[in-house]
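Written below as structure tokens is the structure these notes are about.
Proteins get letters first, then strands, A, B, ... in listed order; numbering begins at 1 in each.
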2 protein chains.
Amino acid sequence: MSSAMPRPRSLTPDRIASAALTVIDRDGLAGFTMRAVATELSMSAMALYRYVDDRGELERLVVEGVLDRIDTDPPDPELPWADRVTIMVGRMRAAVAAHPAIASLVPVHRHRSRAVLRWTETVLGLLTEAGLTGQRRVVALRGLLSYLLGAIQLEHLGPLAGPGTAVLAELAPEAFPYLADTARTARHISPDAEFDGGLALFLRGLADPPRPRPG
Amino acid sequence: MSSAMPRPRSLTPDRIASAALTVIDRDGLAGFTMRAVATELSMSAMALYRYVDDRGELERLVVEGVLDRIDTDPPDPELPWADRVTIMVGRMRAAVAAHPAIASLVPVHRHRSRAVLRWTETVLGLLTEAGLTGQRRVVALRGLLSYLLGAIQLEHLGPLAGPGTAVLAELAPEAFPYLADTARTARHISPDAEFDGGLALFLRGLADPPRPRPG
DNA sequence: CCTGTAGGCGTACGACGTATACCTACGAGG
DNA sequence: CCTCGTAGGTATACGTCGTACGCCTACAGG
């Protein structure tokens with residue numbers, strides 16, 4: 001039985017993730033390359049493979065590195081549950097917004113983050129507090145997540161106040177009256193107002209238990 | 001002034017888009033390659049560039065080809081507006097679900113489709129009918145779109161009843177009680193029930209005008 | 001027929017992910 | 001100290017990608 005322990009590892013997953021993030025923040029997703037990350041670490045491209053199986057695992061490390069910074073402690077219990085859900089959702093959005101170029105990687109790799117597990121557990125607690133259980137709670141969680149991830153992506157692809165909306169405001173004359181009017185209005189809505197407004201709609205739907213409408 | 005008109009074009013955008021879709025449906029997004037599409041059209045790779053500026057434009061054609069199949073006529077006016085919104089949203093979801101591999105391309109290229117303009121105009125009409133105008137209508141539309149695109153993507157990445165959920169149901173013992181319980185419940189929810197349930201929550205939030213809660 | 005435009009193709013270049021084979025730094029046992 | 005074996009790090013190379021460039025050629029006018 002030989003011992004003979006060789007040279008120790010010089011890199012940690014955190015160090016790798018942060019080097020990759022540096023590249024992504026500087027050059028965008030298109031510049032996110034095995035070679036670029038290796039260079040950022042002052043290594044040859046192949047050296048990276050001593051720490052990572054393939055590109056997918058590197059992406060996973062990046063997403064994990066970003067999401068693991070989320071504060072998953074339950075917010076102040078004095079607040080109404082809807083406000084606390086808003087805070088939790090806002091924390092995840094903020095974490096991604098700090099590195100907007102990774103938006104499209106998040107849905108693919110989010111499972112792997114332990115912080116996401118804790119985040120989900122906390123949110124589920126809040127939904128339970130709101131009176132939801134069983135299938136209704138599952139649907140609520142998944143709906144929240146769909147909205148969150150969709151909104152993050154749309155926001156990154158082009159904010160409501162951006163040029164895409166401006167095009168709509170002009171290109172659609174009499175054929176699309178609602179669209180033209182809406183596009184003009186949209187130019188004055190901040191990303192935060194847009195996000196919080198949509199989330200509030202969803203939460204209001206959660207708050208009212210299903211019952212026949214009066215009248 | 002010379003005339004001299006040369007050989008006519010042998011391909012239409014539709015023909016190109018459908019060839020690309022054939023490739024994507026057969027080999028997935030990873031197999032979606034300039035060369036593969038050209039081969040599908042019985043052409044050399046470079047011939048494709050007589051019809052398309054670059055890969056981005058080919059992607060655009062694909063998304064356009066899928067979304068332009070959406071029926072954008074307003075649904076039966078006898079139905080409540082919420083049901084009609086559900087129908088409109090469902091049509092977009094169905095169009096993408098027919099080629100699930102393109103899910104991640106849709107948010108990027110959706111603007112370019114004329115059908116999406118018509119779809120949006122119709123939905124805006126329904127929202128107006130629901131009493132929404134101005135910024136509230138913008139937020140409602142954008143929220144709907146965020147939910148729709150997020151849900152489509154999550155669904156394609158792994159349905160609620162899939163193995164990812166199964167892992168959660170086992171991996172999370174006492175540390176994540178809500179998560180474990182929720183994952184077990186989630187295994188019995190169909191994609192349609194999940195989608196419609198989340199959408200209904202959002203629509204219920206739209207239906208109730210903002211007012212102080214009683215009590 | 002001729003002519004010019006544009007369709008179509010062959011080749012090639014640089015960048016990507018990564019398999020393979022090699023050299024080497026280093027911690028433990030003697 | 002010296003050895004020794006493991007694992008870190010590198011150089012090279014292969015196959016594939018998107019696509020620039022230049023050539024040939026089919027074809028609708030005159």
Mind calculating the distance between CE (B:Met5) and C1' (C:dG7) to the nearest angstrom?
14 Å
May I ask you to decide if B:Ala36's main-chain N or O and B:Thr33's side chain share a donor-acceptor pair within less than 3.5 Å?
no
Can B:Arg110 and B:Leu149 be said to form a side-chain contact (heavy atoms from CB on, under 4.5 Å), step by step?
CA-CA 10 Å; B:Arg110 106 203 109 85; B:Leu149 296 176; 4.1 Å; yes
Check A:Asp192 with A:Arg93, please: is the shortest side-chain N to carboxylate O separation under 4.0 Å?
yes
Side-chain donor/acceptor of B:Arg84 to backbone N/O of B:Pro75, under 3.5 Å:
no
Mind calculating the distance between CG (A:Leu48) and C1' (C:dA19) to the nearest angstrom?
15 Å
B:Arg69 (side chain) donor-acceptor with B:Gly65 (main chain) under 3.5 angstrom
yes
Check whether any side-chain N or O of B:Tyr51 sits under 3.5 Å from a backbone N or O of B:Ser10 as a donor-acceptor pair, and report yes or no.
yes
At a heavy-atom distance below 4.0 Å, what parts of residues 33-40 of chain A sit against DNA chain C?
A:Thr33, A:Met34, A:Arg35
Counting only heavy atoms and a strict 4.0 angstrom limit, can you tell me which residues of residues 9-26 of chain B come near DNA chain C?
B:Arg9, B:Ser10
So does B:Arg118 get a backbone contact from the side chain of B:Thr122, meaning a donor-acceptor N/O pair under 3.5 Å?
yes
Expressed as a whole number of angstroms, how long is the span from A:Glu57:CD to C:dT18:P?
11 Å
Where the side chain of B:Ser113 meets the backbone of B:Ala115, is there a donor-acceptor pair that is under 3.5 Å apart?
yes
Does A:Glu121 use its side chain to pair, donor to acceptor, with the backbone of B:Leu179 at less than 3.5 Å?
yes
Euclidean distance, atom CG of residue B:Leu58 to atom C1' of D:dC17 [Å, nearest integer]
14 Å
Contacts of B:Gly56 and B:Arg50 projected onto DNA chain D by closest heavy atom; the upstream (5') one is B:Gly56
Let me know, please, whether B:Pro6 or B:Tyr49 comes out on the 5' side of the other along DNA chain D by nearest nucleotide.
B:Tyr49
Do B:Arg55 and D:dG18 share a donor-acceptor pair, side chain to base, under 3.5 Å?
no
Please list, by residue number, the residues of residues 99-109 of chain A whose heavy atoms come closer than 4.0 Å to an atom of DNA chain D; answer none if no residue qualifies.
none
Separation of D:dC4 atom C1' from A:Arg7 atom CZ, nearest Å, is 16 Å
Roughly how many Å is it from CE in B:Met43 to C1' in C:dG8, rounded to a whole number?
7 Å
Taking only side-chain N and O atoms of A:Tyr51, does any of them lie within less than 4.0 angstrom of OP1 or OP2 on D:dG8?
no
Whether the side chain of B:Arg50 engages the backbone of B:Arg9 through a donor-acceptor N/O pair (distance < 3.5 Å, no angle test) should be reported.
no
Using every non-hydrogen atom in the two residues, find where B:Asp54 and B:Tyr49 come nearest and quote the distance to one decimal.
CA-CE2, 4.2 Å
Does B:Pro8 or A:Met46 map to a spot on DNA chain C nearer the 5' end, using the closest nucleotide for each?
B:Pro8
